[in-house]
Amino acid sequence: MATLELQRPRGTQDILPKDSAKWQVVEAAAHRVAQSFGYAEVRTPTFEHVEVFRRGVGDATDIVEKEMYEFKDHGDRDLVLRPESTAAVARALLQASAFAEPPVRLYYMQSHFRYERPQAGRLRQHTQFGVEVYGAGGPLADAEVIALAQSFLAELGLRNLSVRLNSIGDAQCRPAYRAALVAHLEGHREELCADCQRRIERSPLRVLDCKKEGCRRVVAEAPQPIDHLCEDCLRHLEGVEAALFALGISYARDGSIVRGLDYYTRTVFEIQYAKLGAQSTVCGGGRYDGLVEALGGAPQPGVGFGLGLERLLLTLEEESLLPADRSAVDVFVAAIGEELGNEALRIAQLLRGHGLRVEQDILARSLKAQLRRAQKVGVAKVVILGPQEFARGVATVRDMVSSAQEEVPIDQLAARITAPVRE
RNA sequence: GUGAAUGUAGCUCAGUUGGUUAGAGCACCAGGCUGUGGCCCUGGGGGUCGGGGGUUCGAGUCCCCUCAUUCACCCCA
């Protein structure tokens, strides 16, 4: 492939007609399911002040430390293309004083930007469908959010994805657990990989998720978050599990689910699809009771998830759950001779007025070429308008499947060609 | 940021140990059929062989650099 002078930026995608229909299927399902749970859509700016994410997501996270697209505008403001939406939505709610009437249930579907090396299921611009619930601190909110994600995936035909659930504690019990974990890891520092040795100080919980053999052995002996939960956190986790059981949603406890963003507390969960390769997590979420306070508001419990639509599309593709391409038009109006071009336009317009999807020739090509085009776009009928018919006030209607033709008075075309049933 | 693989028509790919004007299939356009799609036949348009540099009488082929893509690590959706 010859290199174009101008190509799309690395890690971005063009969604061409071949794929845009698939996106529309997924987007429609997201709106439908979210609204069926009583969630309303929220949209936030594509760029925000850097502080929103420094304080919301956490200064020491990879996202903030090295993945943000930051820039200064002409007013010398420090801005950033939003790397995620949870902190941005919280900022928006705070600004609108929207926490007054809990619970607040919202969903979003928008792009995020992170400077990373692209690979399967990971892009520099990606789209997440996500939900946020504020003002509800109990386990029912967590379960509702998981049920929403699960319903959305089921709506698209996906079954048997695995729901992994864990709790990473809260401000009461996490510090003590963290200290216990660090002490254990320090004792086995030599057995850990270089990355994990660095993680001991920076983010010890992340070691739990390391796939390296040596680290796994150390982790197997390490104190687990679940055993160090305070009474409130444990009761919360059990409440979530009881709710999931009541809903018939199967899940597995997974102590390695830790999540990377600072704002998570208590519940964390992922929904995974193994065939996606290294990026198997389609949906990730959890509870973030400290987020609003970190942004400068009065404390507000919150819970939600983010679901990567590009990864979801990969999954649907893999499972053959995307609809086959369907014909985009019902009727093609062909004109013989340039003089009839305007008349063909008029007839096409007339038919559109009757609910048909209609394309007409605009290249003044041979009838043969026009019919080839009509077949290519998959129409059921072609209206052929030639000088001979036009002189008599009729047009030929050709059925592209049976090849049968009949002459129809032009003013009766709309009545004769009825719109096909579309699901 | 680290590692590996791959870049030849719009697409999928051939291209011998370096050797004349770089090919095929599909797609596209036209003609055969001067007003009728699919099948068939014939013809046509389309390539700075990703880019730059080097070795050589000669580079798509060998070497170096670079860019892009893909996969993995890190991390995450």
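So you know, we letter chains A, B, ... as the sequences are listed, proteins then strands, and number each from 1. For clarity, every value in this text was computed on a predicted model and none was experimentally measured.
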Answer whether the closest heavy-atom distance between the side chains of [X] and [Y] falls below 4.5 Å.
X	Y	result
A:E48	A:L79	no
A:L413	A:I347	yes
A:R91	A:H49	no

Compare the minimum distances between each of [options] and the side chain of [X], then state the nucleotide with the smallest one.
X	options	answer
A:R206	B:C29, B:C76, B:G35	B:C76
A:L367	B:U36, B:G37, B:C75	B:U36
A:M400	B:U36, B:G37, B:C76	B:G37
A:A278	B:C75, B:C29, B:C73	B:C73
A:Q119	B:C73, B:C29, B:G35	B:C73
A:R372	B:U69, B:A77, B:G37	B:G37

### Message
A:R373 vs A:E359, test: salt bridge (Lys or Arg N to Asp or Glu O under 4.0 Å). Steps then yes/no.
### Response
CA-CA 10 Å; A:R373 166 72 187 182; A:E359 171 178 333; 2.8 Å; yes
### Message
Quick check on RNA chain B: between A:D209 and A:R398, whose nearest nucleotide comes earlier from the 5' end?
### Response
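Nearest nucleotide further toward 5': that of A:R398.
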### Query
More 5' along RNA chain B: A:L385 or A:V401, using each one's nearest nucleotide?
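In this pair, the answer is A:L385.
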If the cut-off is 4.0 Å, is [X] near the phosphate of [N], judged by side-chain N/O to OP1 or OP2?
X	N	result
A:R198	B:C74	no
A:K368	B:G37	yes
A:R117	B:G3	no

### Query
If we ignore angles and hydrogens, is there a donor and acceptor under 3.5 Å between the side chains of A:R392 and A:Q388?
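Checked: A:R392/A:Q388 side chains show no N/O donor-acceptor pair below 3.5 Å.
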### Query
Are A:R82 and A:F113 in a cation-pi setup, meaning NZ or CZ lies under 6.0 angstrom from the ring centre and within 45 degrees of the ring axis?
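The answer is no, since A:R82 fails at least one limit relative to A:F113.
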### Task
Can you sort out the partners of A:E318 under side-chain hydrogen bond (donor to acceptor under 3.5 Å, both in side chains), two or more places apart, ordered by chain and number?
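In terms of side-chain hydrogen bond (donor to acceptor under 3.5 Å, both in side chains), with neighbours along the sequence ignored, A:E318 is linked to no residue.
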### Task
Would you write the dot-bracket representation of RNA chain B, where each base gets (, ), [, ], | or . depending on whether it forms a Watson-Crick or G-U pair under 3.5 Å and with which partner?
(((((((..((((.....[...)))).(((((.......))))).....(((((..]....))))))))))))....
### Message
Between B:G44 and B:C63, how many Å separate the two P atoms, rounded to a whole number?
### Response
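Here B:G44 and B:C63 have their P atoms 38 Å from each other.
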